[in-house]
Amino acid sequence: MQYNPREIEQKWQKSWADAGTYEVDMADAAKKFYCLVMFPYPSGDKLHVGHWYNYGPVDSYARYMQMKGFRVFEPFGFDSFGLPAENYAIKTGVPPKESTEKNVEYMRKQIRAIGTMYDWSKEVVTSSPEYYNWTQWVFLELYRRELAYKKKAPVNWCPKCQTVLANEQVSDGRCERCGSEVTKKELTQWFFNIKEYAEDLLQHEGLDWPEKTILMQKNWIGKSVGCDVSWEVDGHNLVLDTFTTTVDTVYGVTFVVISPEHPELKSIVTDSQRAEVEQYIEEAKKRSDIERMAEDREKTGVFTGSYVINPFNGEKVPLWVADYVLMNYGTGVVMGVPAHDQRDMDFAEKYMLKIVQSVVDEKGESFVYDDVDKYNVKGRIIDSGEFTDLPILEGREKMIEYMEKKKIGRAKIQYKLRDWLISRQRYWGAPIPIVYDPEGNAHPVPEEHLPWMLPTDVDYLPKGKAPLASSEEFVARTEKIFGKGWRPEVDTMDTFVDSSWYFLRYPNPQKEDGPFDKELVKKWLPVDMYVGGPEHACMHLLYARFIHKVLMDDKKAEPFKRLVHQGLITKDGAKMSKSKGNVVSPDEFVEKYGSDIFRMYLMFMGPFTEGGDWSDRGITGIARFADRVWNFIHGEHVGKDSDEVLRALHGAIKKASEDMEKLQFNTVLAGLMSFINVALAPGATIEAKKQFLQLLAPLAPHLAEECWEFLGENKTIFDAGWPSYDQKYLVAQEFELVVQVNGKVRAKLMVPAEVSKEDALKLALENENVKSHLEGKQMKKEIYVPGKLVNLVVS
RNA sequence: GCCCAGGUGGUGGAAUUGGUAGACACGCUAGCCUUAGGAGCUAGUGGGGCAACCCGUGAGAGUUCGAGUCUCUCCCUGGGCACCA
């Protein structure tokens, strides 16, 4: 009999589905394991090998947990709102609903071919009214808690296409579609007040997350402790606040810089400078924040003609406008201290502004603050009035006290984290459940009108307004319910809102009277293992934590206990995307080799968390392995296993048990291959074969299930438990002692396992080659590492 | 520019966390088997050298009896930077 993957895979997938094997009884959550992969966006590219690389190994881990006796809940769904479907609609006229449903349908089929444990009865699709009903509920809940508010914020605007552009649609400041220069447009938009939770989001206690992700989130939130200093604008009845973490340098301020977007800027500019400043503002609109903050870029700026007064020494310093100051961080005004800040120095040198030193380090030398020592500097303040000679940190405190007393400033904690802008001037998203009365006041749509249906009579083509504004039905519906002159909000929600709570929906996605089943959520949350790409470290993962804290009414609640990032699979070094035309489909490989071999190959490619560049070179090695496994199982059953086979088997059990925990599937497979290399020729007992199959089962579920049955078992292998190894087979009688002279290997000797240091050294010194390297040398030191090596240090 | 990773044979990668660098595979070479499609089996395979040996984990320095692993500097590649998700 030959190994025929396609036949047995169909057989077992059908068998599992018919038996309802993976439909979880949610009522029983004792020893639960909630295993979650980030749900995909159903793009027109369909599934690519990167998806498989994620889902296959995670399912293998879930199967391993099942074998360890856990009740595994592994749900799946689709994050199906989003820009690509809308762009496709603009291009082809196919309604997003239609193309999305088609893509979802196709991807479901592709995913089923993997043979995962997904509980399809719990699937969620975010673009379905049954789901977005509750996304809207989430919005209303935040609104109720005063965590949703409106304010003006700029969007990328293409004047020619008359539409808002995503950052992705802007390249080099130009519209991707028509090439026109992109400008900024101010729109009133909805925000979630995530900053309210900044301090709680900085806490990651008890979470089994990658260090780097925690670090990235911390940097993203960007807490800095400092103060606001108030500067009176000379000749105006106006005060500008500057935020600084280094108020100790305030006597070194020789200019102050205001952001081009600052609302007070126009009232401050003098007539003689007006033309120049206005032109500068226009230029700044064309640049992205990233570009503006880049430190290697030539600093630009324009004098406003006005002066501000240093509240510490009364000195008048010029007020400049420059685009390296961003309105959305801090106050939009910064103090310029060229002596202690490189960027300020560049600016001062370019525009020939004064430079004044105000702090020095321990050695009395001038220094520039950088991020590393911003909060922990030693040195003292100089030439700073009554604060002169104070140590820097003490000086800061004194200065803040002084400001607070004189009401010219105050201590302040500043976060880089910005509030979450959730308004999108797009069609394919959940409508924001808000209506406006004839006076333009916002009112929440009452819950009984949810889902606040996304209208279908819309024009997807950009016409200068949000697509929903073109729906007659939408307005008619609003007037019918709320009264004449009432208008619906026409923006939809950021798709990150959809994905910020879906893990709460999974335990009972059919629930009709609430977003999630509180009882089940209490039992099943937190998610025990959450797996997704590292690109989500700062956005999705912060949003989900935030929404979870809000909905659970517990600022300490965390949704994801263990977090793992699968590596990225690239093609020729680049991220796979349709626009680059480098998407690799898994279908042909599954067709040719079957799911088990393809899945094992993806696992064998390298460490799960590292990913790599796609190549199918090497898949044949896995195919050979699968054949050898088949032949091994179907070969003669021997009556007794040799010591060698037993040692190999228990070594493989040990390796698999340890490495599965770390998701190091590649080395688990290497261990299984080593076993097969040892056991294939001599054969093994049925018992040994079964134990081996149990190790293989998570990695090649269909193959293992088929072989399990062949060996006479009639229940699924996934209920057979996980084997444990017996140490007695692993302790060697002898080991290879490495003998080094001055750190270089000069001999390898087989010695008894429990050799003493004296005996080991004696044996080492008897070796001819070692002797020759010691000749004429003086012994200085003898290093003995038990079970490993001897190092003879001579001179 | 800023934040975060990562650079090991011809290739993917392994290395008990400071102790034999290259496990397990791919590829390649030679031989066997008379050989229908992912052939199989055996042996070899980091570089140099006849050899003893020498050199080798992006580059350079440092710590150490001993460094792929720790420290510093530099170079390169990837991810993210708030409207792709």
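In what follows, chains are A, B, ... by sequence order, proteins preceding strands, each numbered from 1.
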Have a look at [X] and say if it touches a base, only the backbone sugar-phosphate, or nothing, with a 4.0 Å heavy-atom cut-off.
X      : answer
A/Q189 : base
A/W220 : base
A/I783 : base
A/S423 : base
A/N769 : sugar-phosphate

Proximity of [X] and [Y] rings by center, below 6.0 Å:
X      : Y      : result
A/Y132 : A/F81  : yes
A/Y324 : A/F347 : yes
A/F76  : A/F78  : yes
A/F632 : A/F675 : yes

Choosing from [options], which nucleotide comes nearest the side chain of [X]?
X      : options             : answer
A/A166 : B/C26, B/C84, B/A82 : B/C84
A/R628 : B/C84, B/C83, B/C41 : B/C41
A/V164 : B/C24, B/A15, B/C83 : B/C83
A/L789 : B/A14, B/G19, B/A82 : B/G19
A/N156 : B/C83, B/G40, B/G79 : B/C83
A/V745 : B/C81, B/A21, B/C54 : B/A21
A/T667 : B/C83, B/A15, B/A82 : B/A15
A/D79  : B/A85, B/C24, B/C83 : B/A85
A/P607 : B/G19, B/C84, B/G13 : B/G13
A/H536 : B/A85, B/C3, B/U20  : B/A85

Residue closer to the 5' end of RNA chain B, A/N666 versus A/T213 (nearest nucleotide):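 In this pair, the answer is A/T213.
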
First encountered from the 5' end of RNA chain B, between A/D613 and A/G671: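 The answer here is A/D613.
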
Which nucleotide, in any strand shown, forms a Watson-Crick or G-U wobble pair with [N], with both distances under 3.5 Å?
N     : value
B/G18 : none
B/A85 : none
B/G46 : B/C55
B/G62 : B/C70
B/G10 : B/C26
B/G31 : B/C41
B/U77 : B/A5

Under 4.0 angstrom between [X] side-chain N/O and [N] OP1 or OP2:
X      : N     : value
A/R424 : B/A82 : no
A/K748 : B/U20 : no
A/R617 : B/A25 : no
A/N219 : B/G80 : no
A/R624 : B/C24 : no
A/R426 : B/C83 : no

Syn or anti: how is [N] classified when any glycosidic angle within 90° of 0 counts as syn?
N     : value
B/U34 : syn
B/G9  : syn
B/U20 : anti

For [N] and [M], measure between their [atom1] atoms and round to the nearest Å.
N     : M     : atom1 : value
B/C76 : B/C70 : C1'   : 22 Å
B/C26 : B/C33 : C1'   : 23 Å
B/A52 : B/U34 : C1'   : 45 Å
B/U16 : B/A51 : C1'   : 35 Å
B/U69 : B/G18 : P     : 11 Å
B/A61 : B/U45 : P     : 32 Å
B/G80 : B/G49 : P     : 46 Å
B/G48 : B/A67 : P     : 25 Å

In whole Å, I'd like the distance from the [atom1] atom of [X] to the [atom2] atom of [N].
X      : N     : atom1 : atom2 : result
A/Y543 : B/C84 : OH    : P     : 11 Å
A/K788 : B/A15 : NZ    : C1'   : 11 Å
A/L737 : B/G19 : CG    : P     : 16 Å
A/F625 : B/G13 : CZ    : P     : 20 Å
A/D659 : B/G13 : CG    : P     : 17 Å
A/F496 : B/G80 : CZ    : P     : 11 Å
A/Q2   : B/G37 : CD    : C1'   : 12 Å
A/E658 : B/U17 : CD    : C1'   : 14 Å

Side-chain donor/acceptor of [X] to base of [N], under 3.5 Å:
X      : N     : result
A/Q425 : B/C83 : yes
A/D627 : B/G38 : yes
A/Q740 : B/U20 : no
A/N167 : B/C83 : no
A/E86  : B/C83 : no

Qualifying residue, where the test is ring pair (Phe, Tyr, Trp, His ring centres under 6.0 Å) with A/Y543 and the options are A/F192, A/W420, A/W220, A/Y197: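 Only match with A/Y543 under ring pair (Phe, Tyr, Trp, His ring centres under 6.0 Å): A/W420.
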
A/E775 bridged to A/K771 by N-O distance under 4.0 Å: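 So A/E775 does not pair with A/K771 through a salt bridge.
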
Under-4.0 Å salt bridge between A/D659 and A/K662: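 Here A/D659 pairs with A/K662 in a salt bridge, since their nearest N and O are under 4.0 Å apart.
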
Residues, nucleotides or ligands: over 12 heavy atoms within 6.0 Å of A/Q727 CD: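 Atom CD in A/Q727 is packed in, count exceeds 12.
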
Close side-chain approach of A/K777 to A/V741, heavy-atom, < 4.5 Å: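 The answer is no; the side chains never approach within 4.5 Å.
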
Side-chain heavy atoms of A/E591 within contact of A/R6, under 4.5 Å: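 A/E591 reaches A/R6 side chain to side chain.
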
